[in-house]
Structure formats: structure tokens, C-alpha cells
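To start, the structure under review is shown below, and the notes come after it.
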Amino acid sequence: DSGVTQTPKHLITATGQRVTLRCSPRSGDLSVYWYQQSLDQGLQFLIQYYNGEERAKGNILERFSAQQFPDLHSELNLSSLELGDSALYFCASSVGSGLRLDTQYFGPGTRLTVL
Amino acid sequence: AQSVTQLGSHVSVSEGALVLLRCNYSSSVPPYLFWYVQYPNQGLQLLLKYTTGATLVKGINGFEAEFKKSETSFHLTKPSAHMSDAAEYFCAVTLSGSARQLTFGSGTQLTVLP
């Protein structure tokens, strides 16, 4: 158990809908990272937040957005969902902002299925 | 930009045999390199990482990896495979000084045969 929690575990929805994935980092970690794992794209970094502020952006679609709240939990919002958004979404957390080589600890993931 | 290539999407070994999972990287600056393991229905767990210094890195569960700059490689090895090693293994790279964004390889599924 990494200490990172993600809810829900599974999510099934329809095209065009909007969903919110939630992540609680390990106690004491200030950074949250979001990754997408799909069969065709593999594991891709989406976005990082540190202490409430966006710090790094990867291959995140404009239909996707994220935020980190004062209690440090984070939410990833996916809108106008398409079939291709079906994937496993991982959250990871680390102590620092990433400038030092902090280990990223991964949660168990949320499996999103878009029908 | 950095990238990672894992050779062999599936590797099968017998229990007790040597495990060798290959990873080559491309980076214009000194990289930080990682190996993660993903067991079925679980998140990723860090096995080991290379930053600077000793090029042979020891990790958990008896795994180790050697950073070879001349070959741009960071292969993962374990002398004797155990059934519990069956999982998917990911090599990842990030640029030194910027550990925010991990770039992962496509993964290698390790099967351990009895």
C-alpha cells in the first residue's frame, strides 16, 4: 500500500459525459501527478500540482482539467468524453515539487470505461 | 526531449533463471532512470532508480540495474526468478534537475514458468 488513495476504482460512463476522479496523496506529500495508461498510448504524464499550484503539464487534452485543493487532495476532471478516453488513470504523489529527485508513489488507479 | 525504449513486450523465464529486461534511453542531458513494477490490478511500485554516482544500482526484491552511458542502456536484472516476480515492468526517464515528468517505456510483461 503506497498510501495514495484514488476513488472511484471503476467508472463506466457514456460518450459526451463528464467525470471527476479523486486522489488523496500520502500524508506529508505536497505534489500530485496524474498519469493516463491506455493500450495504444502507454503510460503518459498528464499534469502535476504542487501545494495547490500547477507545476508541469504533459500530454493533457484541453477537455481535461485538474486542480489541487487546500487539503492537498486533487481532482482530475474529464469532459466531453470520447471512446478513446477509456484508460487507467493513475495519481502519484511526492514530498517536494520535483526539483529534487523525490520518489513518486502511485495509487491503485481509476479504471474509466467510456461506452 | 527524452524517450525510453523497452525491447521485448513479453519475456518468459523459468523459475530460478536469470531475468534480463532491456531498456535504452534517449536524452540530451544526463538522465535520471527508474524501473517500476506493476502487479495485476495495482499501481506502480518503484524498484530502483539511478541518479548520479555508482552505475550499478540495487533495488528491492533482489533486482539491480546498471547504467551504461556508452550504450545508453539501463537494463534490469535478477539472478534467479521467482514466481512472484511475474508482473509488468516499466523503465522510465526524467531529466536531471527536473524530476517532475516521468517518461515511461511501453512496458515488458514478465512471465515466470514453473
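Numbers restart at 1 for each chain; the letters A, B, ... are given by sequence-line order, proteins then strands.
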Assigning hydrophobic clusters by single linkage (Ile, Leu, Val, Met, Phe, Trp, Tyr; side-chain heavy-atom cutoff under 4.5 Å), is [X] placed with [Y]?
{"X": "A/Val19", "Y": "A/Leu88", "value": "no"}
{"X": "A/Phe45", "Y": "A/Phe64", "value": "no"}
{"X": "A/Tyr49", "Y": "A/Leu78", "value": "yes"}
{"X": "B/Val4", "Y": "B/Trp35", "value": "yes"}
{"X": "A/Leu11", "Y": "A/Phe90", "value": "no"}

Top contributor to chain B contacts, counting heavy-atom pairs under 4.5 Å, from A/Gln37, A/Lys9, A/Gln41: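 The candidate making the most pairs under 4.5 Å is A/Gln37.
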Flag the pair A/Phe106 / B/Tyr36 as yes when at least one side-chain heavy-atom distance between them is below 4.5 Å, and no otherwise.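 In contact.
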Minimum side-chain heavy-atom gap B/Phe90-A/Leu43 below 4.5 Å: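 Yes. Closest side-chain heavy atoms under 4.5 Å.
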If you apply the rule ring-ring contact (aromatic ring centres under 6.0 Å, His included), what do you find for B/Phe104 with A/Tyr35, and how did you get there? CA-CA 10 Å; B/Phe104 285 91; A/Tyr35 291 85; 5.7 Å; yes
Counting neighbours of CG on A/Leu39 that are heavy atoms of other residues, nucleotides or ligands and sit closer than 6.0 Å, is the number greater than 12?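 Result for CG/A/Leu39: open.
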Taking only residues two or more places apart in sequence or in another chain, which ones pass side-chain contact (heavy atoms from CB on, under 4.5 Å) with A/Thr20?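 Listed in chain order: A/Glu75, A/Asn77.
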Using the side-chain contact (heavy atoms from CB on, under 4.5 Å) criterion, which residues pair with B/Ser12? Sequence neighbours excluded.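 By the side-chain contact (heavy atoms from CB on, under 4.5 Å) rule, B/Ser12 matches B/Thr111, B/Leu113.
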Tell me, side chain or backbone of A/Ile47 under 4.5 Å from chain B's heavy atoms, or both, or neither?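 For A/Ile47, there is no contact with chain B at all, as no heavy atom is under 4.5 Å.
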For A/Thr103, is it the side chain, the backbone, both or neither that has a heavy atom under 4.5 Å from a heavy atom of chain B?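 Both parts, backbone and side chain.
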Hey, which residues of residues 37-61 of chain B are touching chain A, say heavy atoms under 4.5 Å apart?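 Residues of residues 37-61 of chain B touching chain A at under 4.5 Å: B/Gln38, B/Gln42, B/Gly43, B/Leu44, B/Leu46, B/Lys49, B/Thr51.
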Residues in salt bridge (charged side-chain N to carboxylate O under 4.0 Å, His left out) contact with A/Arg63, at least two apart in sequence or another chain: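 For A/Arg63 the salt bridge (charged side-chain N to carboxylate O under 4.0 Å, His left out) partners, ignoring immediate neighbours, are A/Glu82, A/Asp85.
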